Amino acid sequence: MTEVPLFAVVGHPNKGKSSVVATLSQNDAIAIALEPGTTRQRQTYPLSVDGEVLYRLVDTPGFQRPRRVLAWLEAHSLSATDHADTVIAFLNQYRDSDLFTDECELLMPLMDGAGIIYVVDGSVPYSAEHEAEMTILRWTGRPSLALINSIGPDDYAPAWQAALGQFFQVVRRFDAVRAPFEHHLGLLKAFGQLEPAWEPALEQAVHYLAAQREQRQWQAAELIAAALADMMAWQERRTVPAGTTSLAATDPVAQDLRQRWYQHQRQREQSLRLAVENLYQHRRIQRQEPELTWHHEHDLFSERSRRLWGVSRGYLAAAGFGAGALGGVGLDALTLGSSLGAGALIGGLVGAAGSVFYGDRLAQSLWRRGPLKEGLQTIRFGPVQDAQFGYIVLGRAVDHWWHISQRNHAGQAPLDLAPHDSHWLTELARGPRQELQRLFNKTWKNKTLEPAERHRLAAVITEVMTAYQTWRLNPD
Amino acid sequence: MTKSPLSLLIQFDDQVRRDQAQSPVFLHRRDRKFALTSAASGQTPGPRQWLDHLHSLSPPTSSSARPLAHWRTLAVGFSLAGAVLGVLTMLGLLFYDGGQQINVTMILAFIALQLMLAVLTTAQSMLGWRPWGRLVSWLNARGSGGAERPALTRLQPALMAGCAHLGGLMFGLTGGLTLLYLVVVQDLAFGWSSTLAAGAGAYHHFVELISTPWHSLWPAAVPSADLVRDSRFFRIATTSTLAPGRWGDWWPFLALAWICYVVIPRAVLLVLARIQLSVQARRLLRQHPGLAALLYRMETPALETGNGDADATDTPDLTTHRRALPLPVSPVRIHWAGANAAMSWPEPPGEDGMLVLAAGGSATLAEDRQALQQARFRLANERTPTVTVVTQAWQPPTGELADFLVDARQAWPERTLIALVPVGAGPRGAEPSHLGQWLRFVDRLQTPSIQLCQPDSPTSAGDEVRASEASHD
């Protein structure tokens, strides 16, 4: 049986080893920037498919006394042929000692056959004190790769590159916090190239990770579709004695019902946020979002959100015309074309008029009074009569999804969903626009989406996601 | 375990709901493992096998059976009501007080009404019309303490049709039995009457048409033309031409008409409702969003990226009350690991005659020892021996530096003050964010004679150290 590739991520303390491991293992619960000198044990992070481990990453503590280790090794070696054996002898001598705890922890996996991933910080100047570390690693005789991970804003990478090239087989730059997903895969491929026997496992891992990435996008689209359908069809109701409520803004019953409706919508949006974050295995994100209980300029119901994420009346009319025309084509088909496209035209005009009419009705009354029965009357608030509402929820959800999908697990900065001025919907093709409008039309008419329609909505949302990505690449 | 499509759908829906509390990673791992185990044993995994597998590990909760229990209660209620109403209705239809005959036309009209109701029930169920839907949902919600499940709501027409047909069937059975009972224990007198000017011939033709299903099976149950002609009665007529012994000859016809047009249609439509229910339950299961997700989880390899371990909460205490102190005047300065004070420290105090040494980094351990000795000679004649150790602020303090400082305290005079001075890479000086690790490093050393100093700090290092030493004494 082929041995599972093992990679030990080693280096000076606090140079981004844990960040690299966090990003590659998609684990945002790894302690990053631990206090240097604090004793740590190595941690292993396996990547497995159906329980079969494809490779293991080992996060290790940093070198604390490299010169003393090197001095010991040099003092016990006769020639270059015994270097690896001398390192093993060092481990045998000090594995139970307190003196070289960190060095033993980081060298142990190398002696178990691990490849070396040596991490340095490319944002600080190169220092010769690293040479003792690099020499020790070279003594192990293991395949090695150096990663220049820039933590700060400055760039000393060229100097590092020149120095590292003398000690390591491969030298690569990798920003653990900002590197796009494609770079993760590229790095894993590079790991595979260190040893021919490791290449198939790493290729397989890259294949599965890429597939997982695609599947997550679809799953995120389904989550957004479900939340959209729920939010657009949501209704709060209460049965009260007839004549006891005026539904005026100051009426306590009306106020309570309205607040419950708003609260539900906000909570549903938040649960969507968490679901998408969990999907991408982000469990410790701090989101910079407004409180749920009052209006804020970036709140779901704020005018600013409406301006940023809503669409123009012209857009609504065009999309509504398309959606209506789709329905009208059915009439033409029934008349075997003898209506000369009048069905599509009429359907389109009705759709456009409806979309514009319903396009700005969030501010309008969502109140409905039920029939009077035995002195009781059911009053309802919702569902929303506003096509814009759908676009706002969708825009915010896709924006959040994009940030989460692009975020590396080493990132610790709070997630700030900063708004943009231009509009992402301009990138969406006409077909998906009309389909989206048609499905929105259905939900605000208080019709439940069938499973097949939800599936279609999710499919349209994947196209929206693609359009959003394109827009992000070229926001102007 | 064999499950009906309906209970399979309900249990599946229930399981999917409970799974919503689980993490997607766990669900994927669980279901993928089941799929792989099934494939290894040559089975094709589906929702039925999946539920059996889960239930073999933990039995289903009572909540999964609750929705169906409500419908079963409703069906029992309909059956009982149908049975009682069947008896009462037949007693009413066959009420005979010895006056006028029981009108066969009336009974046939009632049978036609029953048939029509049965057909309408089925049609309503097929069309999915639920005029009573809210009432049923409300009853079910009251019974189960929550809103009715969408999966079950879509099956309401078929479930309701099943209940209605069951009630109708019981109605027909008890009605038929009551008819036979009354025929046995009473002397019933049947006749036919109608306001319409229908002749006996036409009426005979009509009853023959009705008798078509059993015409050849039981000819005696088809009224003869004589019986029809002679059993007509008029309300104001006082005498009848028919012999009283033949007044009861209509009963076989009526019993078979009741069976053929009330009992059998209800039984057939009940079976149809059950079939419709099964078909719809299968279709709903196929369309269930949870099934697509389950199939995805079973088909897709479970990829685990090693994010099980979490040590982010196990971080050391990063607080420190220590402050950086101003630079003392020192006759010895040691540049540790290539640190260069010149960049961020333009005018070091006491520069004249200062001994500048290098240690750490690319220097050997022997060179470190030599630097310690050189400093020791210089400090020997100092009244307040002080050494400045310059380090790179951005590099974390390592064990090697700690070892060097321990060696230094042993080699140098006892009262030597060691001023640790981290410097930045450029003229900006040390970044405040870098100083924290150095302050905590000095904390960990727990040696009052080692202090962290910065060129622009306000208080005097020497004063603080001496105050600290005084307090230790």
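Remember, it's a predicted structure, so these values are computed and weren't measured experimentally.
- The parts of A:Ser48 that come within reach of chain B are both its backbone and its side chain, each placing non-hydrogen atoms under 4.5 angstrom from that chain.
- The environment of NE2 in A:His455 is sparse: at most 12 heavy-atom neighbours from other residues, nucleotides or ligands sit within 6.0 Å.
- Heavy atoms of A:Arg454 lying under 4.5 Å from chain B are absent altogether.
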* To do: Might you work through the side-chain contact (heavy atoms from CB on, under 4.5 Å) test for B:Gln395 and A:Lys15, ending with a clear yes or no?
  => CA-CA 9 Å; B:Gln395 297 287 11; A:Lys15 295 300 168 201; 3.2 Å; yes

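- In this structure, chain B has a heavy atom under 4.5 Å from the side chain of A:His12, while its backbone stays farther away.
- For a residue to count as touching a neighbouring chain, one of its non-hydrogen atoms must lie under 4.5 Å from one of that chain's; by this rule B:Leu36 touches chain A with the side chain only.
- Among B:Ala293, B:Gly338, B:Ala302, the residue with the largest count of heavy-atom pairs under 4.5 Å with chain A is B:Ala302.
- Residue A:Ala132 does not touch chain B at all, counting heavy-atom pairs closer than 4.5 Å.
- Ranked by heavy-atom pairs shorter than 4.5 Å toward chain A, the options B:Pro301, B:Ala337, B:Ser362, B:Ala292 are led by B:Pro301.
- Using a 4.5 Å cut-off between heavy atoms, A:Glu131 makes no contact with chain B at all.
- Ranked by heavy-atom pairs under 4.5 Å with chain B, the first of A:Ala205, A:Pro66, A:Gly62, A:Ala211 is A:Pro66.
- For A:Glu52, no part lies near chain B; criterion is any non-hydrogen pair under 4.5 Å.
- Summarising the geometry, atom NE2 belonging to B:His28 is positioned 7.0 Å from atom CG belonging to A:Asp50; distances are rounded to the nearest 0.5 Å.
- Here the straight-line distance linking atom CG of B:Leu365 with atom CZ of A:Arg65 works out to 11.5 Å at 0.5 Å rounding.
- Between B:Thr305 and A:Ser25, the closest heavy-atom pair is OG1-O, 2.8 Å.
- Within the 4.5 Å cutoff, no side-chain heavy atoms of A:Ser123 are placed close to those of B:Trp394.
- Within the 4.5 angstrom heavy-atom criterion, only side-chain atoms of B:Gln392, from C-beta onward, approach chain A.
- For chain A, the nearby parts of B:Ala363 are the backbone and the side chain; heavy atoms of each come within less than 4.5 Å.
- Contacts of B:Pro289 with chain A are absent, with no heavy-atom separation under 4.5 Å from either backbone or side chain.
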* **Steps toward side-chain contact (heavy atoms from CB on, under 4.5 Å) verdict (B:Leu303, A:Leu209)** => CA-CA 8 Å; B:Leu303 180 64; A:Leu209 283 167; 3.6 Å; yes

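- Going from atom CD of A:Gln215 over to atom CZ of B:Arg297 covers 13.0 Å, rounded to the nearest 0.5 Å.
- Only the backbone of A:Phe63 comes within contact range of chain B, with at least one heavy atom under 4.5 Å from a heavy atom of that chain.
- In terms of heavy-atom proximity, B:Asp403 sits nearest to A:Arg68 at OD2-NH1, 2.8 Å.
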